[in-house]
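Structure, as structure tokens:
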Amino acid sequence: MTSHATEVDLEVLLRRTLQATGMSERWTADVDEMWCRLVRPSGIRRQQGWKLHVSATAASAPEVLVRALGVLLREESIFKFARSLEQVGALNSRATPRGSSGKFITVYPPSDEDAARLALELHKATAGLAGPRILSDQPYAPNSLVHYRYGAFVGRRRLSEHGLLVWFMEDPDGNPVEDKRTGQYAPPSWAVSPFPASVPLPPQQDTAASSPVLLGGRFSVREAIRHTNKGGVYRGTDVTTGRAVVIKEARPHVEADASGGDVRDWLRAEATTLEKLKGTGLAPEPVAMFETGGHLFLAQEEVPGVPLHTWVAERYRDVGSERYRADALAQVDRLVDLVDAAHAQGWILRDFTPGNVMVRPDGELRLIDLELAVLEGDSMLPTTVGTPCFSAPERLVGAPVSRTADYYSLGATVCFVLAGKVANLLTEEPATRPAQERFAEWLAACADVLSLPDVLTEVILGLTRDEPGERWTPAAAREALRRANPARPERPAVATGRTEGPDGVTEIVITGMVNHLVDSMNPADDRRLWPVSTQAGETGPCTVQQGAAGVLTALTRYFEATGDPRLPDLLATAGHWMAARTDTASIRPGLHFGGRGTAWALYDAGRAIGDRELMDHAVALALAPLEPTPSYDITHGSAGSGLAAAHLWHRTGDPRLAERVVADADRLAAAARVEPPGVSWPVPAEAVSQEAGKRYLGFAHGTAGIGCFLLTAAAISNRPEHMQLAVAAGESLVTHAVMVGEAAQWPAQATDVPTAPYWCHGSAGIGTFLIRLWQATGDKRFADLARQAARAVVERASRAALTQCHGLAGNGDFLLDMADATGDPAYRAMAQDLARLIASERAHRNSHVVFPNEYGNVSTSWSDGSAGILAFLLRTRHTGPRHWMVQQPG
């Protein structure tokens, strides 16, 4: 290793190398937040082919870059590299997706011959340096930093069958093929490799659990528990004893630090910890440590049972809220004892979370994944590796090792057991509200919903105080828990007795959210009008689900309610930005992923501001031919297209839109599968293969949403068969309801266990249909089930995310529907409780208010972001109809 390894600025290294070689005039550099791209004007550009990747650690990256530049600057190939050592570290972290990890340098050779030649030269140039294996690629040679895969060279994207934007390339016939980036090398069958014979992959690849594999000559792998960038975790059998074991794998150079340490050192530390804890009953017994192909493995006793986070979800689902309360309190006592016992043995855990505790069948607890645990007093450097929401804040910035950080983690874990989640409090700017104050506000909102005894909130807040020295010890927590009264009567979940309106905080939140949406709109961006999180995939730019239509409709409703003078110009700008990017020649089906959902948003915005051009474009878009679809549902299929057409028919009276409604209803009638006493719409065989044949029940993808559209269609078509199918859909949902206490839950599909009570698959979406079916038919069974669905929604409130699709906003909209349909003010009070829960998790950023989505990111979108939350909160302040639901004429 030369002195280059001490450099911390990779861009400086590039400039120095360009100057030293006289190549500065031949290359153009383009730098963004992640990459530094190098292009020669004379370079040959291909759209796809064999690309090369060179890996490195943060310690080796400077030397790898210098040596690679010695090869690449003489060539014509476009290439890029991670612009900083911080970015190199991020590429190699344990949290990095396996299909992206390790790719420090990417080279786009102009031909297959160049690819083979450059791979050899780069392999020779970087031989002996450190870097992780790139899992999506084939290594050029054993222990080589150079890897290759076939894929797209340019950023071509198209919408998949799921309505998500995916990278694609073309097969020899010109057909688009998704360019999948997974954790396994899988070139297309028609791509002929120009490289030497492939290097055999190590036995611990993703397929290990599907065929008999013997690791270390002793451990037979039965199945994979999980695969992450740091390595797999497997269930297996010790063939020498017949003992069940768990085998943990650590890949070289993942989470590598400046000294050359990586996750293999973590695994060695865990083995040492387990050895020292032998006989205490606190953790699994170690069995053996061994190395295969440079990967380190630790076999340890398999602890029967489930992780605590799984126990919490499954126990609550199966026994209901009243029984769960007693079970949870017993589990809290065990958690306090577990941490206290570990500390009594001299250990500081440093990563105590619901994922690192196993619940045995007898209810007893065991510590697992002790890779960060250290003996008190050892000269162990601090680490910033941790688990957000569970690791003490000072731990995540490198504070010295201390028991008090475990106290914080214990408090967060106790909170998770009692409430089902821990608030994700995003950073504020300026940070004027202490984290402790913000957490207390959220916990108070949870306690109101859960009727938690005051002593339990005192324990949680005592353990999680901002000042480490002020945190309660386990002994103090145990003493307080003795005062807890689990027999305290639970407040009825559907009769809160609170009828007052929302407090001033909700108005502040709404104003801050609107400020955020107003200020974050960027019409100059050709791809995204508002910023969204794409961690779960990216939709088209104008859709309801994750595009501009969802934000536009929320801001339209706000303008109609308040007359905010900023919004007419903004709505016009947004609407015309969308109109310029929507083609009226043909559209995708569905409400949330399709063109008619976009037309709905455009028409209502145009109507609100008197923009006839937008309204006309919206109608033309709604009348455009639909692309063929195998989908029947609300989000992607005929039911969603029909629902949007029905709304626009009510707005315009255009008979062509009524014809579209009837056509969509007739398609659903033809596809219905009668299954006494109900009906279903199985996903057809021509759909995505893994979905074919599934019979979903929920609103987004199944029977409830389709039934809701058919109910709407029947009022337009006056055809009895449409109404009969809607009733049959309701009968099917009655049949598949699962009662837990007084709460009604449903599985995602009939053969599953009940799912969470959200709009997408669960009680909130199904109740949304059932209460409307009751209004149309007068059948009391449907109203009773809707009320029991509301019970499920309220009981789970503290556990929910904040958003429309899988969270409190969608659940709250259902409760407001119940209030409107039944006239019972208790449902509006319940919705206000959910609004308070949402507001308590807010983050102020100057004049803006933002919220975390399910991944902890800020997003503006309808399904998982601010627009959907704003839409619900507006209904709590300004009486109005439910978004994306058709209002029948009075």
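Numbers here simply count residues along the sequence, with the first being 1.
When every heavy atom of Asn515 is checked against every heavy atom of Ser847, the shortest pair comes out as ND2-O, 3.1 Å. Scanning all heavy atoms of the two residues, the minimum distance from Trp442 to Ala423 falls at CD2-CB, 3.4 Å. The two atoms that bring Ser77 and Tyr108 nearest to each other are CB-O, 3.7 Å, heavy atoms only. Nearest heavy atom pair, residue Gly856 against residue Asn424, reads CA-ND2, 3.3 Å. When every heavy atom of Leu91 is checked against every heavy atom of Ala82, the shortest pair comes out as CD1-CB, 4.0 Å. Counting all heavy atoms, side chain and backbone alike, Ala700 lies closest to Asp633 at O-CB, 3.4 Å.
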Side chain to side chain donor-acceptor pair (under 3.5 Å) for Arg882 and Thr768? Distances and angles first, verdict last. CA-CA 10 Å; Arg882 177 98 173 253; Thr768 293; 3.3 Å; yes
Could you please spell out the steps behind the side-chain contact (heavy atoms from CB on, under 4.5 Å) verdict for Leu517 and Leu870? CA-CA 10 Å; Leu517 294 176; Leu870 174 62; 3.8 Å; yes
Output, in order, the C-alpha distance, side-chain angles, deciding distance and verdict of salt bridge (Lys or Arg N to Asp or Glu O under 4.0 Å) for Asp564 and Arg566. CA-CA 6 Å; Asp564 188 322; Arg566 296 174 298 173; 2.8 Å; yes
Arg98 vs Gln184, test: side chain to side chain donor-acceptor pair (under 3.5 Å). Steps then yes/no. CA-CA 8 Å; Arg98 286 160 56 84; Gln184 191 170 0; over 6 Å; no
Working note: Arg596 + Leu621, criterion side-chain contact (heavy atoms from CB on, under 4.5 Å); need CA distance, chi angles, decisive distance, verdict. CA-CA 7 Å; Arg596 285 191 191 158; Leu621 191 64; over 6 Å; no
Are Asp864 and Thr803 close enough, and set up right, to give a side chain to side chain donor-acceptor pair (under 3.5 Å), and what steps lead you there? CA-CA 5 Å; Asp864 72 342; Thr803 52; over 6 Å; no
Would His883 and Asp813 count as a side chain to side chain donor-acceptor pair (under 3.5 Å) here? Give the steps. CA-CA 9 Å; His883 293 74; Asp813 267 327; 5.4 Å; no
Between Lys80 and Asp30, does a salt bridge (Lys or Arg N to Asp or Glu O under 4.0 Å) hold up when you go through it step by step? CA-CA 9 Å; Lys80 67 180 182 181; Asp30 178 30; over 6 Å; no
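Distance alone, capped at 3.5 Å, is enough to place a donor-acceptor pair between the Arg842 side chain and the Ala839 backbone. Counting only distance, with no hydrogens or angles, the side chain of Gln47 and the backbone of Phe153 share no donor-acceptor pair below 3.5 Å. Gln87 places a side-chain N or O within donor-acceptor distance of the main-chain N or O of Glu33, the cut-off being under 3.5 Å. A donor-acceptor contact shorter than 3.5 Å is absent between the side chain of Thr598 and the backbone of Thr582. A donor-acceptor distance shorter than 3.5 angstrom exists from the side chain of His147 to the backbone of Ile134, with no hydrogens or angles considered. Side-chain atoms of Ser863 come within 3.5 Å of backbone N or O of Gln545 as a donor-acceptor pair. Using a distance-only test at 3.5 Å, with no hydrogens or angles considered, a donor-acceptor pair links the side chain of His636 to the main chain of His162. A donor-acceptor pair under 3.5 Å links the side-chain atoms of Ser840 to the main chain of Leu837, judged by distance alone. Looking at Asp654, its side chain never comes within 3.5 Å of a backbone N or O of Val619 through a donor-acceptor pair.
Taking the six-membered ring where the residue is Trp, His701 and His761 present tilted rings, their angle falling between 30° and 60°. The aromatic rings of Phe79 and Trp27 sit perpendicular, their planes meeting at an angle over 60°, well past the 30° parallel limit. Using bins of under 30°, 30° to 60° and over 60° for the plane-to-plane angle, the ring pair His592/Trp759 lands in the tilted bin. Taking the six-membered ring for Trp and thresholds of 30 and 60 degrees, Trp600 and Trp884 have ring planes more than 60 degrees apart, a perpendicular arrangement.
Classification of Arg157 and Glu538 as a salt-bridged pair holds, one side-chain N sitting under 4.0 Å from a carboxylate O. Arg660 has no carboxylate O lying under 4.0 Å from a charged side-chain N of Asp664, or vice versa, which leaves the two without a salt bridge. Classification of Lys421 and Glu841 as a salt-bridged pair holds, one side-chain N sitting under 4.0 Å from a carboxylate O. One finds no salt bridge joining Glu75 and Arg40 here, because no Lys/Arg side-chain nitrogen approaches an Asp/Glu carboxylate oxygen to under 4.0 Å. Ion pair Arg37/Asp32 flagged as a salt bridge, since at least one NZ, NE, NH1 or NH2 atom sits closer than 4.0 Å to an Asp/Glu carboxylate oxygen. Contact check on Arg149 versus Asp179 returns a salt bridge, with a Lys/Arg side-chain nitrogen under 4.0 Å from an Asp/Glu carboxylate oxygen. The pair Arg158-Glu178 does not meet the salt-bridge criterion, since no charged nitrogen lies less than 4.0 angstrom from a carboxylate oxygen. Under a 4.0 Å N-O distance rule, the pair Asp137/Lys51 does not qualify as a salt bridge. A salt bridge does not link Arg845 to Glu428: none of the charged nitrogens lies less than 4.0 Å from a carboxylate oxygen.
Side-chain contact between Trp530 and Leu555 is present, with heavy atoms from C-beta onward closer than 4.5 Å. At a threshold of 4.5 Å between non-hydrogen side-chain atoms, the residues Leu164 and Thr539 count as touching. Residues Ser24 and Arg15 are not in side-chain contact: their nearest non-hydrogen atoms beyond the backbone lie 4.5 Å or more apart. Contact check for Phe104 versus Leu10: side-chain heavy atoms found under the 4.5 Å cut-off. By the 4.5 Å heavy-atom criterion applied to side chains, Ser641 and Leu626 are counted as neighbours. Taking 4.5 Å as the limit, every side-chain heavy atom of Leu38 sits out of range of all side-chain heavy atoms of Thr28. Using a 4.5 Å cut-off on side-chain heavy atoms (C-beta onward), Leu85 and Pro62 make contact. The side-chain heavy atoms of Thr573 and Met521, taken from C-beta on, include a pair separated by under 4.5 Å.
Taking CG of Leu425 as the start and SG of Cys389 as the end, the distance is 7.5 Å to the nearest 0.5 Å. To the nearest 0.5 Å, atoms SG (Cys542) and CG (Leu602) are separated by 7.5 Å.
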Could you pull out all donor-acceptor pairs under 3.5 Å where a side-chain atom in residues 584-591 meets a protein atom, sequence neighbours excluded?
from	atom 1	to	atom 2	distance (Å)
Arg588	NH2	Ser160	O	3.0

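Other residues, nucleotides and ligands contribute more than 12 heavy atoms inside 6.0 Å of the CZ atom of Arg528. In Arg607, the CZ atom is not crowded: 12 or fewer heavy atoms of neighbouring residues, nucleotides or ligands sit closer than 6.0 Å. Within a 6.0 Å radius of CD in Glu627, other residues, nucleotides and ligands contribute more than 12 heavy atoms. For Glu11, the CD atom counts as densely surrounded, since its 6.0 Å shell holds more than 12 non-hydrogen atoms of other residues, nucleotides or ligands.
Side-chain contact of Ser859 with Asn853: a donor-acceptor pair under 3.5 Å is absent, judged by distance alone. Side chains of Ser93 and Thr96: a donor on one and an acceptor on the other come within 3.5 Å.
Residues meeting the side-chain hydrogen bond (donor to acceptor under 3.5 Å, both in side chains) test with Lys180, sequence neighbours left out: none. By the side-chain hydrogen bond (donor to acceptor under 3.5 Å, both in side chains) test, Lys103 is found to be paired with Ser136, residues two or more places apart in sequence or in another chain being considered.
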